[in-house]
**Student:** 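Structure below; questions to follow.
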There are 2 protein chains.
Amino acid sequence: MDSNRHIYSCQSGCPVESTLQVISGKWKSVILYHLIKHDATHFGELSRAIRDCSRRMLALQLKELERDGLISKRQFPVIPPKTEYSLTSFGESIEPVILAMESWGNYYNKVNVENGINVEANQ
Amino acid sequence: MDSNRHIYSCQSGCPVESTLQVISGKWKSVILYHLIKHDATHFGELSRAIRDCSRRMLALQLKELERDGLISKRQFPVIPPKTEYSLTSFGESIEPVILAMESWGNYYNKVNVENGINVEANQ
DNA sequence: CGGGATCCTAACCGATACTG
DNA sequence: CAGTATCGGTTAGGATCCCG
């Protein structure tokens, strides 16, 4: 296990810490977002959709999301191999959080654009 | 600048990445949560409320939240010194995200309790 | 009380190479 | 295509001390 070794002890059961325990991985919410929007369900698609996430990190985060029961994986024994990731019903329960993030992010981007700050890739 | 040096490039302006740019610091959403709930507004109160966050990290995250315009600080020139943190109106706009996290965290805790998993501090 | 400065280690995480 | 393994630099972040 490489990342997210239960950083949050959830003293007094703070609900926000509990949530972070599951989605605080660097790319997890972005992955969930793409799964929600069905922009991407295959490993390669996700990788292309989230350019700044290395394939290694993508694999790790997917594994942890699967371990935590938020997503499930289906493998097709074909050549070339194919894999399909999707939200479990438990994973779907977290949609409101991700959609709230989407919504605020759009607002934030708009504010930045109005202030002349470039929102696009800053490469 | 110590953490969160714009990790996310926001390629194609992915709104979730934009949000993460602001709240992905390890304790930021927890801090915001406590400020929203007014559990704590002083440095010491926040420190006591978020036990697992060191004072150093707390100071750092507060600074970044202030830099990003989500919170503001008022200093009272008294002995002993007193500081009051509060959400800016911009900071208030992110409440839905934090409250969604709270709500899902409560659900998640409940599920864990039902499965006999201890949610409380695992010190 | 509310922080800042330093030191230092564990961990994150990218690059590269390899496999079925 | 969909990953895993290993290496190694970078950084997050704790511990400690200090100061107004």
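Just so we're on the same page: letters track the sequence lines, and every chain starts at 1.
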**Student:** Quick check on dG2(C): is either OP1 or OP2 less than 4.0 Å from any side-chain nitrogen or oxygen of Lys73(B)?
**Tutor:** no
**Student:** So how far is it from Thr19(B) OG1 to Tyr108(A) OH, rounded to the nearest 0.5 Å?
**Tutor:** 9.0 Å
**Student:** Can Glu84(A) and Lys73(A) be counted as an ion pair, charged N to O under 4.0 angstrom?
**Tutor:** no
**Student:** Check whether any side-chain nitrogen or oxygen of Lys63(B) sits under 4.0 Å from OP1 or OP2 of dG3(C), and answer yes or no.
**Tutor:** no
**Student:** For His42(B) and Pro81(A), take the nucleotide of DNA chain C holding the closest heavy atom to each; which residue's nucleotide lies nearer the 5' end?
**Tutor:** His42(B)
**Student:** Using whole Å, report how far CG of Leu60(A) lies from P of dG14(C).
**Tutor:** 10 Å
**Student:** With rounding to the nearest 0.5 angstrom, report the CG to CG distance, Leu62(B) to Leu58(B).
**Tutor:** 4.5 Å
**Student:** For the pair made of NZ in Lys28(B) and P in dG13(D), what is the distance, rounded to whole Å?
**Tutor:** 11 Å
**Student:** For Glu45(B) and dG2(C), what is the distance between atoms CD and C1' respectively, to the nearest whole Å?
**Tutor:** 13 Å
**Student:** For the pair made of CZ in Arg74(A) and C1' in dA2(D), what is the distance, rounded to whole Å?
**Tutor:** 16 Å
**Student:** Please classify the nucleic acid contact of Phe76(A) as base, sugar-phosphate, or nothing, using heavy-atom distances under 4.0 Å.
**Tutor:** nothing
**Student:** So which heavy atom on Ile50(A) is nearest to which on Val30(A), and how close?
**Tutor:** CD1-CG1, 3.8 Å
**Student:** Using only side-chain N and O atoms of Thr83(A), determine if any of them is under 4.0 Å from OP1 or OP2 of dG3(D).
**Tutor:** yes
**Student:** Once you round it to whole Å, what is the distance between P of dG20(C) and CZ of Phe43(A)?
**Tutor:** 18 Å
**Student:** Measure from the side-chain heavy atoms of Arg56(B) and tell me the nearest of dG14(C), dT6(C), dG3(D).
**Tutor:** dT6(C)
**Student:** dT9(C) C1' sits how many Å from Met57(B) CE, rounded?
**Tutor:** 15 Å
**Student:** Round to a whole Å and report the spacing from CG of Leu58(A) to P of dA2(D).
**Tutor:** 10 Å
**Student:** dC13(C) C1' sits how many Å from Glu64(A) CD, rounded?
**Tutor:** 13 Å
**Student:** With no angle test and no hydrogens, is the base of dG2(C) tied to the side chain of Arg55(B) by a donor-acceptor pair under 3.5 Å?
**Tutor:** yes
**Student:** How many angstroms lie between OG in Ser18(B) and CG in Asn112(A), if you round to the nearest 0.5 Å?
**Tutor:** 7.5 Å
